[in-house]
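We count residues from 1, following the sequence as given.
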Amino acid sequence: MKIDFASSKQSTLGVEWELALVNGQTGELASVANEVLRGVSAKHPELNDDDEHPHIKQELLLNTVELVTGICETAGEAKEDLSRSLAAVREITDPMGVEVFCAGSHPFSPPQLQPVTDKARYAKLIDRTQWWGRQMVIYGVHVHVGLDRREKALPVLDGLVNYFPHFQALSASSPYWGGEDTGYASHRALMFQQLPTAGLPFQFRSWEEYESYVQDMFTTGVIDTLSEIRWDIRPVPNLGTIEMRICDGLATLEEVGAIAALTQCLVDEFSTTLDNGGTIPTMPPWHIQENKWRAARYGMEAIIILNAAGNEQLVTDHLIETLNRLEPVAAKLGCPDELADVEKIIRRGAGYQRQRRVAAEHGGDLQAVVLDLVKQMRNGPTG
């Protein structure tokens, strides 16, 4: 199987932000995505009845909408794009008494009671995955970064895998599930990997080896389309991007911009290394798997494995070193402020830490957690 890889302008950016729709009074999930999407499209007479809005999309569940940017040069531009789409959603949701928030999961609404969008591909997914599929009341942030040639895709994927626990710790925001504290910083990370072809990516020595893998997936009926490979980091050949899908949902636009900038800077740094004839180090798969589990369990307090030699460091300490190293890259890409916002997440605490603080302040009331997330989406970070 030959898979063409579209050429993109190096280090261009695209961001996808999944938002939960909730009752503005109770914080319960509200399955009103169809009404919201119809309302948004009605304000665009150029769209036909069956046309999707270019930046506001359907998702698996009727309690979810996804905001998708166009091709952006900077993290700041991506934030502006998302802000416009969020305002368009609020034009419809505000009169309905519906609010939006973003976290890795909803703290208390029962997963099994959430209706699925009426599309054949979603019905097929649920029919195949059964109980696990019905649990997927989860939300994430995906960041695409453009690559100017195919040969960079798999080495850059390997490079981002080294930073898997950093992204997971910064974004971890799903400690609660069905009203219980799971004890994990990110329950979503371990939940999502139960789907076929989800979870950590494989590491391939060549593009041809990747093509052979994809052919095997088609031949054995594992997938019907390339997009059904749902790895936490994956090449997207038709767009000419690498897609970072590690992150739990992020509560604020500031945090989305920070994660976008960190992704863009790392990919650009890897790209420059390759342009200069260098190589990107890898770690054994068992180190990578352990790092994912540690970051999902301990979040910002994870002691992570740094390299194949097994050296370890607190994830936040290594993040600070990484941010310092990337400052010149951020200056070149026009995102120094957004990259600096990563340090604000470290100081303020990740989403799971803030959720637990709010719950403790309200005697364990998870409704207060949701309403605080709603407030953060409207007003920006707190604390």
Less than 4.5 Å apart, any side-chain heavy atom of [X] and any of [Y]?
| X | Y | result |
| --- | --- | --- |
| Gln367 | His362 | no |
| Val22 | His106 | yes |
| Tyr210 | Pro235 | yes |
| Ile3 | Met1 | yes |
| His187 | Ser105 | no |
| Asn291 | Met283 | yes |
| Leu86 | Leu19 | yes |
| His166 | Ile304 | yes |

Do other residues, nucleotides or ligands put more than 12 heavy atoms under 6.0 Å from the [atom1] atom of [X]?
| X | atom1 | result |
| --- | --- | --- |
| Lys375 | NZ | no |
| Ile280 | CD1 | yes |
| Glu301 | CD | no |
| Phe218 | CZ | yes |
| Gln215 | CD | yes |

Mind checking whether [X] and [Y] have parallel, tilted or perpendicular rings, split at 30° and 60°?
| X | Y | value |
| --- | --- | --- |
| Phe270 | Tyr163 | tilted |
| Trp207 | Phe5 | perpendicular |
| Phe204 | Tyr213 | tilted |

Under a plain distance cut-off of 3.5 Å, with no hydrogens placed, do Glu209 and Ser206 share a side-chain donor-acceptor pair?
no

Under 3.5 Å side-chain donor-acceptor pair for Gln313 and Glu321
yes

same_hphob_cluster([X], [Y]) at 4.5 Å side-chain heavy-atom cutoff:
| X | Y | value |
| --- | --- | --- |
| Ile303 | Trp293 | no |
| Ile259 | Leu82 | yes |
| Val68 | Val100 | no |
| Val369 | Leu371 | no |
| Val236 | Phe192 | no |

Look only at the side chain of [X] and the backbone of [Y], and say whether a donor-acceptor pair between them is shorter than 3.5 Å.
| X | Y | result |
| --- | --- | --- |
| Asn307 | Gly310 | yes |
| Asn276 | Thr272 | yes |
| Ser109 | Leu29 | yes |
| Thr282 | Asp158 | no |
| Gln353 | Ala350 | yes |
| Ser186 | Gly299 | no |
| Thr322 | His318 | yes |
| Ser173 | Gly104 | yes |
| Tyr352 | Tyr298 | yes |

Check the pair Asp232 / Lys292 against side-chain contact (heavy atoms from CB on, under 4.5 Å), numbers first and verdict last.
CA-CA 10 Å; Asp232 298 322; Lys292 177 174 181 175; 2.9 Å; yes

For the student: nearest non-hydrogen atoms of [X] and [Y], plus distance:
| X | Y | value |
| --- | --- | --- |
| Trp17 | Leu253 | CZ3-CD1, 3.6 Å |
| Ala185 | Asp248 | O-OD2, 4.4 Å |
| Ser174 | Thr182 | O-OG1, 4.3 Å |

Taking 4.0 angstrom as the limit, do Glu18 and Arg188 come out as a salt bridge?
no

State the CE-OG distance between Met244 and Ser171, to the nearest 0.5 angstrom.
7.5 Å

Interatomic distance, Lys79 atom NZ to Asp341 atom CG [nearest 0.5 angstrom]
5.5 Å

Under the side-chain contact (heavy atoms from CB on, under 4.5 Å) criterion, do Asp94 and Glu91 qualify, and how do the steps go?
CA-CA 6 Å; Asp94 282 355; Glu91 274 190 69; over 6 Å; no

Using a 3.5 Å cut-off and no angle test, enumerate the donor-acceptor pairs between side-chain atoms of residues 140-151 and protein atoms at least two apart in sequence or in another chain.
unit_1, atom_1, unit_2, atom_2, d
His142, ND1, Glu16, OE1, 3.1
His142, ND1, Glu243, OE2, 3.4
His144, ND1, Thr241, OG1, 2.9
His144, NE2, Glu16, OE2, 3.0
His144, NE2, Glu243, OE2, 3.4
Asp148, OD1, Lys152, NZ, 2.9
Asp148, OD2, Lys152, NZ, 3.4
Arg149, NH2, Asp275, OD1, 3.3

